[in-house]
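Notes to accompany the following structure.
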Amino acid sequence: MPQHKLNRSFLLLTLAFGVFLAGSYALIYVLKPTSDTHPSANRISLESPPGGDFTLTSPNGEVSLSDFKGKLVLIYFGYTFCPDICPTNLGNLSVAYRQISQSQRDNLVILFISVDPERDSPQRLQQYADYFDSNIIGLTSTPEVIAEVARRYGAVYERVDDGSENYAVDHSAFTYVVDQNGVLREQLPHTHGPEQFLDVINRYLN
Amino acid sequence: MNTTLNKTLRLTGLALAGLMSFSVQANQAKQLQVDNPFVREMPPVAPATAAFMTLINAGDQPIAVVRADSDAAKTVELHTHIDDNGVMRMREIPEISVPAIGQTELKPGGLHVMLIGPTRALTEGDIVDIKLIMQDGSEKMIQAPVRKIMGMGMNRPAGSGQGMMHKHH
Ligand SMILES: [Cu+2]
């Protein structure tokens, strides 16, 4: 019996240690966003972001990723006050969009999620997205929901407070590729030109 | 290769001309050549846009652009982007320097003249006057046409996308 008891306490100890480890990890995880003010802390936080379903707001009501099952979804996080990075990326995407076939268009969804929900109303966001003439859906939500979706996709952003109304928002500029089953497959860097977007679309939709 | 040689010859020629004509007092604005300036047309709701161009210094001394002005925007600033592990951080900078007998490119994702709060709708076909002010106080006026972003891409001259139109059909 003592042997049995020893095994049992060993098991309990291991369990306790496991809980402690998990707790510490969770704590680090929870604390991480608060360290965002440190310049080097704002890195792509997850090696392989899980992605997953989300529900955000468009001018026409709620939109969920799962609404697009069976379609290829490209997701870009940005904001309408962005003078260069977002328009470059969305411009490149729209050039690629103009060169794909109608059936490819029918099976492709491009989402532009605002990382500046304080200033980007759904209407303003959609007006911006419509400029690119590639059927981009502009999506926003509460700051909390945006933060959660961004975290799950590995997108990071940080408001640069210069005291003015024209504050900028630093943000990662990846385009996330979600396949027809809703699975996050890859992230494309900002340097992707139209041809490279075209290659990706052709790879998933042929 | 050939174009590099041509460019070098051209720059050397310009440099010599520059040295001869401004041997008494170097005027930085006169030694600065601006190639292919343009302003990016923005979506109607966007409150800011950027001007891009190539700055070519024909002189044997570095030139610094320390300020820019335009009647097309309420605020004009010199900016750069820092790519911090995929996070694009845009920052105002005190100057844009152009090396002696060399050039500096202002392009999407990098250095730019930022036009904040356009005073009119900057749409394709419009011409934006921009004044560049050098460290020595000399000034250079440039005229930058407004161009649509679609098809422009990173560093891509307009119209170069044509070649791939039928690649996948
Ligand atoms: Cu800027």
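Because the structure is predicted, anything quoted here is derived from the model rather than measured. By convention in this document, chain letters (A, B, ...) are assigned in the order of the sequence lines, proteins followed by strands, and residues within each chain are numbered from 1.
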Please classify the contact of A/C86 with chain B as side chain, backbone, both or neither, using a heavy-atom distance under 4.5 Å.
neither
Please report the shortest heavy-atom distance between A/F174 and B/G86, naming the atom on each side.
CZ-CA, 3.9 Å
With a 4.5 angstrom heavy-atom cut-off, is it the side chain or the backbone of A/P87 that approaches chain B, or both, or neither?
both
Taking it one step at a time, do B/H81 and A/I85 satisfy side-chain contact (heavy atoms from CB on, under 4.5 Å)?
CA-CA 9 Å; B/H81 272 105; A/I85 300 300; 3.3 Å; yes
Mark yes when over 12 heavy atoms from residues, nucleotides or ligands other than A/R203 sit less than 6.0 Å from its CZ; otherwise mark no.
yes
One pair to check against side-chain contact (heavy atoms from CB on, under 4.5 Å): A/H190 and B/M88. What are the steps and the verdict?
CA-CA 9 Å; A/H190 173 60; B/M88 304 305 286; 4.1 Å; yes
Taking every heavy-atom pair that is under 4.5 Å apart, which of B/M90, B/M114, B/R91, B/H79 has the most such pairs with chain A?
B/R91
Between B/V45 and A/R124, which heavy-atom pair has the shortest distance, and what is it?
O-NH2, 2.8 Å
Just wondering, do B/V87 and A/E158 contact through their side chains at under 4.5 Å, heavy atoms?
no
Got a donor-acceptor contact below 3.5 angstrom from the A/D84 side chain to the B/G109 backbone?
yes
Could you tell me the separation between the CE atom of B/M42 and the SG atom of A/C82, rounded to the nearest 0.5 Å?
7.5 Å
Hey, does A/F132 have a side-chain heavy atom less than 4.5 Å from the side chain of B/P43?
yes
Which pair of heavy atoms, one from B/E41 and one from A/Y131, lies closest together, and at what distance?
OE2-OH, 2.6 Å
Kindly check if the number of other-residue, nucleotide or ligand heavy atoms within 6.0 Å of CZ (B/R67) is above 12?
no
